[in-house]
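Below you'll find the structure, written out as structure tokens, and then a few comments.
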Amino acid sequence: MKKIILSIAFALATSGLFAQAFSDGANLLSVGFGLPPGQNVTQQYDPYKNFIDYKFYNYGTVVLKYEHGFHKYFGCGLNLEYSNSSANYKYADAVTSTNLFQRTISSNILGMYVRMNGHFPIGNNFDIYGGFGLGYLYTIDKYKDTNPTASTNSQQNSKVLDFNFQATLGLRYMIKPGFGLFGEIGYATTLCQLGFAFKF
């Protein structure tokens, strides 16, 4: 009887060592949402902040991540992030300085990154990780202007592809072996991310 109890105790103890929240060969798919917007989203609106009735809107960032574990403490993967922002402001006519016109700028931003993460798994539930990503931000801006003489009086589009990077720290909690929650903070298209993680 004593041998059976010891065998069960040993099995439980060792299962916690091998069924970890992150491991060599693990595949993780994460889906989440982030707020507030990061500097790489807001900085393009900085030149307009001193205009009359300036207002900025951001509708959050949707994130999709995939990572494969190449080692117990290291993984590599891909991140996709999408954010939508807009701003509007008023400015005076350059000739009369009395008439006010309104300009609206709307931006769709798609981030694509190759990501490398270092992990510190704690048992089969917790995984503390930090990582660095290199990639591109693809931004589509749409302009509208009520000034009939402005170059943007009809809708115009501009497209920009910029090299970019991100660096974040995160915590993952696995509720079940294949399902959990994650949270991240750091420099990205959003300062804070929360969402669901699927391990397979």
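No hydrogens, no waters, no symmetry mates; every other heavy atom, side chains included, goes into these values. Sequence positions, counted from 1, serve as the residue numbers for this chain.
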CA sep, side-chain torsions, deciding dist, call: Q102, D145, side-chain hydrogen bond (donor to acceptor under 3.5 Å, both in side chains): CA-CA 6 Å; Q102 179 165 301; D145 201 313; over 6 Å; no

F33 atom CZ, over 12 foreign heavy atoms within 6.0 Å: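 Enclosed: over 12 neighbouring heavy atoms sit under 6.0 Å from CZ of F33.
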
Residue D46 excluded, over 12 heavy atoms near CG under 6.0 Å: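 Enclosed: over 12 neighbouring heavy atoms sit under 6.0 Å from CG of D46.
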
Steps toward side-chain hydrogen bond (donor to acceptor under 3.5 Å, both in side chains) verdict (Y66, N27): CA-CA 7 Å; Y66 169 76; N27 291 288; 2.5 Å; yes

Is the closest side-chain heavy-atom distance between [X] and [Y] below 4.5 Å?
X    : Y    : result
S85  : Y59  : no
R103 : Y91  : yes
Y143 : S158 : yes
L100 : I52  : yes
T168 : R115 : yes
C76  : H71  : no
Q166 : N79  : yes

Looking only at the aromatic ring of each residue, does the gap between the centers of [Y] and [X] stay below 6.0 angstrom?
X    : Y    : answer
F51  : Y89  : yes
H119 : F22  : yes
H68  : F70  : yes
F179 : F198 : yes
Y187 : F165 : yes

Charged N-O contact under 4.0 Å between E184 and K65: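 Yes, charged N to carboxylate O under 4.0 Å.
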
Ion pair check, D24 and K72, cut-off under 4.0 Å: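 Looking at K72 together with D24, the answer is no, because their closest N to O distance does not fall below 4.0 Å.
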
Minimum heavy-atom separation for [X] to [Y], with atom names?
X    : Y    : value
A87  : Y54  : CB-CE1, 4.0 Å
A167 : F132 : CB-CD1, 4.1 Å
G135 : Y113 : N-CD2, 3.6 Å
A21  : M174 : CB-CG, 3.8 Å
N84  : N58  : O-ND2, 3.4 Å
F182 : G32  : CZ-CA, 4.2 Å

Any link between [X] and [Y] through a network of hydrophobic side chains (Ile, Leu, Val, Met, Phe, Trp, Tyr) touching at under 4.5 Å?
X    : Y    : result
F200 : V31  : yes
Y129 : Y173 : no
F101 : Y45  : yes
V160 : F163 : no
I140 : M112 : yes

Got a second to check how far [X]'s [atom1] is from [Y]'s [atom2], nearest 0.5 Å?
X    : Y    : atom1 : atom2 : answer
N40  : I109 : CG    : CD1   : 7.5 Å
Y82  : L64  : OH    : CG    : 15.0 Å
S30  : E67  : OG    : CD    : 8.0 Å
Q44  : D141 : CD    : CG    : 4.5 Å
L110 : L80  : CG    : CG    : 6.5 Å
M116 : L134 : CE    : CG    : 5.5 Å

Test item: T190 side-chain N/O and L35 main-chain N/O as donor-acceptor pair under 3.5 Å: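 The answer is yes, because a donor-acceptor pair under 3.5 Å joins these two groups.
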
D127, N125, L181 screened by side chain to side chain contact (heavy atoms under 4.5 Å, CB included) with R172, the one that passes: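 That would be D127.
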
Polar side chain donor-acceptor pair, E81 to T189, under 3.5 angstrom: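 Side-chain D/A pair, E81 to T189: present.
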
